[in-house]
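First comes the structure, then the notes that go with it.
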Amino acid sequence: MTEQSIHLRVRRQDRPDSPSYWQEFKLPGHPDHNVVSLLMALREHPVTTTGERVDPVVWDHNCMEEVCGSCAMLINGVPRPSCSALVASLTQPIRLEPLPKFPVVRDLLVDRTRIDEGLKQVKAWVRIDGLWDIHEGAPRIGPNEWAANYLYSRCMSCGCCMAACPQFGPHSDFLGPAPLAQVRLMNAHPTGRYDARERLHAIMGDGGLSDCGQAQNCVRVCPKEIPLTTAIGELGRQTTVQMFKDLFGPS
Amino acid sequence: MSTSIDNPHFLLRRVHSLLGLIPVGAFLIFHLWENSQSRLGAEHYNEQVVAALKGMNYLPLLEIFVIALPLLFHAGYGLVISAQMRSELLRYRYPRNHLYWMQRISGIGILFFLLLHVGMTRIQGFWDPAVAEDLYTHMQALLSQPWLLGVYVVGLLLSVFHFANGLSSMAIAWGVTTSVRAQRLFGGFCVLFGLLLAALGLHGLMGFLR
Amino acid sequence: MSQPSVIVVGGGLGGLWATVRIADAGFTVTLLSLFEVKRSHSVCAQGGVNAVLDTKGQHDSVRQHIIDTIKGGEYLANQPPVKSMCEDAPGLIRTFERMGVTFSRTPEGLLDQRLFGGVKNKRTCFAGASTGQQLLYGVDQQVRRLESEGRVIKHEWWEFLSLLRDEAGVCRGIVAMDLRSLEVRAFMADAVVMATGGMGQLYAPKTTTSTNSTGAAASRCYQQGAWLANAEFFQFHPTAMIGHDKTRLMSEAARGEGGRIWVPRTPGDRRPPRTIPEVERFYFLEEFFPTYGNTVARDEAARAIWTVTQEMGLGLGGGDRVYLDLTHLDQAFISTRLGAILEIYRKFAGVDPVTEPMEIFPAAHYGMGGLWVDFERAADGGIANGSVRNHATNIPGLYACGECDYAYHGANRLGANSLLSASYSGRVAGESVVSYLKGFAGTRPGVREDLIADEVARQQGLNRAIQEGQGSECPYRIHQDLGALMTAKVGVVRANPQLESALSELRQLAERLDRVDFGAANPWAHQGLVFARQLRDMITLAKVVAQGALARDECRGAHYKPAFALPIPAGTFPGDPAFEAYRARWQENNHQWLKTTIAEHHDDGPRIHYQEVDLSLFPPTDPRDYR
Ligand SMILES: Cc1cc2nc3c(=O)[nH]c(=O)nc-3n(C[C@H](O)[C@H](O)[C@H](O)COP(=O)(O)OP(=O)(O)OC[C@H]3O[C@@H](n4cnc5c(N)ncnc54)[C@H](O)[C@@H]3O)c2cc1C
Ligand code: HEM
Ligand code: SF4
């Protein structure tokens, strides 16, 4: 494969509280580069187009197979994992920016603690007694139900859906789509269901489900094609029922 | 523990949503249906439509509690909701994203339109008996000014869009449509519904122009 | 004294199991990880996890699982831990299931099982094509629950730097660094569990492991006195797709379904593959192994590819790749049978393997070796439940589990056994730590403040040395050179002269690392500094791998040194004098080499000694015979 010149524009930021600025790079590269491998090549020789030697770009990566969720960033304006963004498929200059909505740590590295906090807030777990064998499996789950659940269990907390959500951000306390989808998943589990009410109550408070404005960008950008808007619809149904139970049912 | 009652966030949203449909949306249908009868001439309109309404018992109470207050609540809380929007229309060029934005923008548009509309009809009628007496002629005079006609057409279309699109998002919010397919199907239905309602409304506006 | 506390370093499957097990027992756990624990390398595992459920009508048995594991590792694994692991595997799966892990189901709603490499029975549970991810998320959710209850304290974006040992040598805490502010501080604890994963990055970019699987943490423990065992055993996956960043696994199913491996017969032939006529293609697996052809075992395939590219110089375009070709197969057939894995190739190589041959190379996949850990044998031949010795390193108070220990796989790992060993060892390590903590009678004297302060200062000094370093070296380029060196000389096929030169080249790499210069770099979230530190420890680790490989003059499992191969004489069978003579040589070889390699750190390099393997359950009697 032939080498060609790749033109890169990177939005950089030295510290969480400092202003951002752009830098341009040109480097030789193979067309089978992806954005992470490109940044890896760049860090060996971080010189801008004006010939200035700068600190290597800081960013996050780990699995390189689009399962760990580390490397999401804005690539040509769209939030996506950078390990699966093939350079050959991108228009140049390739613009790299940190994943929006999350606080920048440095350059393309962001702090996604809010996803984790959201997961805690909605109690995205099945309560089990302990990590020992109780000599009994969980109840059966039909293959169709499994297939629906499996879609949601692949969420890797990359944050792309949150970055694209017009309701989510530093200005609002909306949980965002990813933690909501986990409520859908946990509420479907045969024993996870036991805590469905707590989870629903958690998403019926401030920043909960009803802050969703149905823009549905989330489902368009999710690299794992997780049916987030279906989850939101199903949670709409569950919360509707829960509301009537709360209002009129036995307490 | 009934958090959904202790914390009013959810209930407020649902009330806002519900009010958009009943009574505000329902009133919009009714209102456009009534006004479409402008076609049948001044006499019919003034006597069969307007006078019949005016003859209703407890009309002011109905107007306040069934129309004005729900609308004001929906509008007021709608503004609060709209404040949370951080839309990036150019970055995310998906139709649903544009509809989301339009829902909020149209709401604000409707608010201005309604101030004008109610001011020029119901409110003006308080001190100008001619308006109340012959609403048809009054409307005719208003709508024959091209810019006002334009304002009315826009106001009408915004309201109809807002209502129809609101219906489709309401169905998701309440959990009526969950799958992509259901959401698409019902979305299609809302488009048809909106077109029908728009036709009805435009038909009514034309009725005053004869 | 307040409640004893524990530090777990690493939040992969191993670390999270240990964390939950210890927290369940009522002790507070401080959990450190380089990044959010749910991004740990464990998510990469696609294939599955072994456990005998015997739900496929094949009369599968735990005994068979034990035997497969032991034989797969060519008897180098101690047998009691293997026995207990295989026995507990079904229970582990049930526990995962209770956590909500979305295991794939049969039409009856039960756990599905499939066939995986190296065994005859369907024994592998899987969750779609992302088993490791699903398993990790299951425990991650439990840890999040415990965290919200205040029983676990997470420190993500913190890097373990060194152990804190008291005057008696007991491990009493660690020194760690905040990866953002570079703040270095001590964390005190009564026990420390290392669960820092594998070391595939020694072979970068020709490794299937994550970019954070550096092995640096294990190396640091080693440099402070912990033993490393069996480090020379490294499994290579024959069919990995090359990237500039890393090589991604291409499932063996591609060969299984009829994929053919070839290179052009003419060296350096640069024609597009589809234009090369059949006669000019060298289907070397089919020629080397007429009976098995392209479906020959992993090791054999990896070695053949190595021979063709490195010794015969027939790699594509003179390089190191070969073709894995599916284009002759029916398109609809391969799409239904291999859809998911071909999608990965399409996504990352940008080429459709249905119409273009894939380019692959053997890549470092799994290090069988790691921190040496103990076990206590029970009367039933397994390990003693709750013994403080299980998964204890040779440093009192320091435990290890997951891929960073050496315990279960011997000389080679059975497919789908390492998610099992990571989870199981995490649980066992957790239980041992609980026993260890309960064993404290009364109070222990605190660790001398000056010892703590000295160690923190030493670590800060290392940071400063890098920041003030002068020269022209870039750590990332040194890493490339390290990977290239390890791949070429300590890789699939080994020979003593190369290993010796590798050892001296490693020393040169370490020297180059002294001359790394970052200029006046911004110290905030300084990834280069962090990496330079890791790299130094990786080079130290690489020396152990190379030294162990040099010392072991035999072929066993993944360690292949052709000069010392003991092939079965062709055409002979048990009973033939030639075969019996071979058997005697084989037994003699076992007598000498069927031993655990243990490396101890000394300033002039690793010192190696050997330890007997516990063969109490299934002693080796017959050589392996694949015919
Ligand atoms: C591509 C691929 C496919 C695989 N497929 C399978 C399969 O199908 N079946 C199977 O059984 N096995 C498979 N494996 C192997 C298996 O995935 C691993 O062996 C296992 O997940 C290791 O888990 P772990 O908990 O030991 O470590 P990891 O998951 O690697 O976790 C390591 C943890 O340690 C932390 N850490 C490391 N260093 C430090 C430090 N200095 N300070 C603080 N924290 C640190 C990291 O942050 C991380 O949280 C596969 C491996 C690869 C590479
Ligand atoms: C003609 C009068 C109006 C009608 C018939 C109407 C109807 C509706 C309906 C049916 C909905 C859908 C509810 C849902 O999504 O759950 C809705 C939503 C909304 N309306 Fe109105 N509305 C009207 C006026 C207004 C006004 C004046 C405003 C003020 C700005 C407003 C702001 C909003 C907003 C922001 C939403 C979106 C709520 C959300 O998606 O969360 N509306 N409206
Ligand atoms: S739902 Fe999709 S986009 Fe959102 S965090 Fe999960 S994987 Fe990423």
Side-chain angles (χ1 to χ4, degrees), chain A residues 14-15 30-34 36-37 40-41 43-44 53 55-56 58 60-70 83-84 86 88-89 105-106 109 112 116 119-120 123-128 130-138 140-143 146 149-150 153-154 156-157 186 189 191-192, chain C residues 17 20-21 24 35-36 38-41 43-44 88 91-92 94-95 97-102 104-111 127-128 130 133-134 137 141-142 144-145 147-148 180 210-212 243-246 248 344 347-350 427 474 476-477 480 518-519 521-522 524-525 527-528:
Chain A
D14 296 338
R15 294 185 63 88
H30 296 278
D32 60 343
H33 259 303
N34 60 49
V36 176
S37 64
M40 283 178 166
R43 72 185 174 183
E44 288 180 28
R53 194 185 167 84
D55 284 356
V58 169
D60 198 6
H61 53 92
N62 192 31
C63 78
M64 318 292 293
E65 296 185 2
E66 214 188 57
V67 277
C68 77
S70 300
C83 66
S84 54
L86 295 186
S89 67
V105 176
R106 183 174 171 187
L109 185 68
R112 282 170 284 196
D116 202 50
L119 292 171
K120 272 188 214 139
K123 303 184 184 359
W125 50 71
V126 176
R127 262 195 303 148
I128 66 170
L131 285 202
W132 39 77
D133 190 7
I134 57 165
H135 308 285
E136 190 188 310
R140 299 184 180 204
I141 296 174
W146 170 81
N149 294 345
Y150 180 65
S153 64
R154 285 152 47 256
M156 54 185 183
S157 297
M186 296 300 151
H189 186 265
T191 46
Chain C
W17 267 84
V20 180
R21 198 63 191 84
D24 271 344
F35 36 77
E36 293 99 318
K38 75 180 298 188
R39 310 204 190 284
S40 296
H41 169 64
V43 292
C44 280
D88 280 11
L92 282 170
R94 285 194 290 266
T95 309
E97 199 190 1
R98 279 161 58 216
M99 294 178 199
V101 170
T102 51
S104 295
R105 304 284 166 155
T106 67
E108 291 175 69
L110 296 170
L111 297 186
S130 60
Q133 187 189 33
Q134 301 310 317
Y137 290 179
Q141 287 153 8
Q142 296 305 318
R144 195 170 286 108
R145 171 174 65 84
E147 196 191 358
S148 74
R180 293 173 187 177
S210 299
T211 51
N212 282 291
H244 299 274
D245 42 1
K246 87 167 221 182
R248 299 173 177 86
I344 300 180
K347 191 167 215 165
F348 289 98
R427 199 199 77 195
C474 158
Y476 301 111
R477 248 171 279 150
Q480 298 280 325
F518 289 109
N522 170 4
W524 173 259
Q527 290 179 328

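These numbers come from the heavy atoms of this one structure, side chains and all, not from hydrogens, waters or symmetry mates.
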Assert top hit (heavy-atom pairs under 4.5 Å, partner chain C, pool A:A124, A:G192, A:G142, A:A88) equals A:A124
Carefully, step by step, assess C:R105 and A:N149 under the rule side chain to side chain contact (heavy atoms under 4.5 Å, CB included). CA-CA 12 Å; C:R105 304 284 166 155; A:N149 294 345; over 6 Å; no
Counting N and O atoms only, with roles assigned by atom type, does the side chain of C:Q142 sit under 3.5 Å from a partner on the main chain of A:V126, one being a donor and the other an acceptor? yes
Determine the option with the most heavy-atom pairs under 4.5 angstrom with chain A, choosing from C:M99, C:E108, C:Q134. C:Q134
Examine whether an atom of A:E66 lies under 4.5 Å from a heavy atom of chain C, and if so say whether it belongs to the side chain, the backbone or both; otherwise answer neither. both
Could you look at A:I128 and say if it's the side chain, the backbone, both or neither that has a heavy atom under 4.5 Å from chain C? both
Per the side chain to side chain contact (heavy atoms under 4.5 Å, CB included) rule, which among A:C63, A:S70, A:C68 passes with C:S210? A:C63
Just so I understand: if I count every heavy-atom pair under 4.5 Å between each of C:G528, C:G519, C:S130, C:G350 and chain A, which residue has the most? C:S130
When the 4.5 angstrom heavy-atom criterion is applied to A:L109 and chain C, the contacting part is side chain
Under a 4.5 Å heavy-atom cutoff, which of C:A349, C:S40, C:G109, C:G100 has the most pairs with chain A? C:G109
Within the 4.5 Å heavy-atom criterion, are A:W146 and C:T102 side-chain neighbours or not? yes
Starting from the C-alpha separation in whole Å, work towards a yes-or-no answer on side chain to side chain contact (heavy atoms under 4.5 Å, CB included) for C:R39 and A:S157. CA-CA 9 Å; C:R39 310 204 190 284; A:S157 297; 4.2 Å; yes
Bottom line for A:H189: the part with an atom under 4.5 Å from chain C's heavy atoms is side chain
Checking A:D55 against chain C: side chain, backbone, both or neither under 4.5 Å from a heavy atom? side chain
With distance as the sole test, does C:N212 use its side chain to make a donor-acceptor pair with the main-chain N or O of A:N62 at under 3.5 Å? no
Apply the test side chain to side chain contact (heavy atoms under 4.5 Å, CB included) to residues A:M40 and C:Y476: give CA-CA distance (whole Å), side-chain angles for both, the deciding distance (0.1 Å), then the verdict. CA-CA 8 Å; A:M40 283 178 166; C:Y476 301 111; over 6 Å; no
Looking at C:E36, C:H41, C:E147, which makes the most heavy-atom pairs under 4.5 Å with chain A? C:E147
Pick one of side chain, backbone, both or neither for C:T106, based on which atoms fall under 4.5 Å of a heavy atom in chain A. backbone
Quick check: do C:N522 and A:R106 have side-chain heavy atoms less than 4.5 Å from each other? yes
Answer with side chain, backbone, both or neither: which region of A:M156 has an atom nearer than 4.5 Å to a non-hydrogen atom of chain C? both
Would you call C:R98 and A:T191 a side-chain contact if the rule is heavy atoms closer than 4.5 Å? no
Test item: A:L131 and C:D24 side chains (from C-beta on) under 4.5 Å apart, heavy atoms: yes
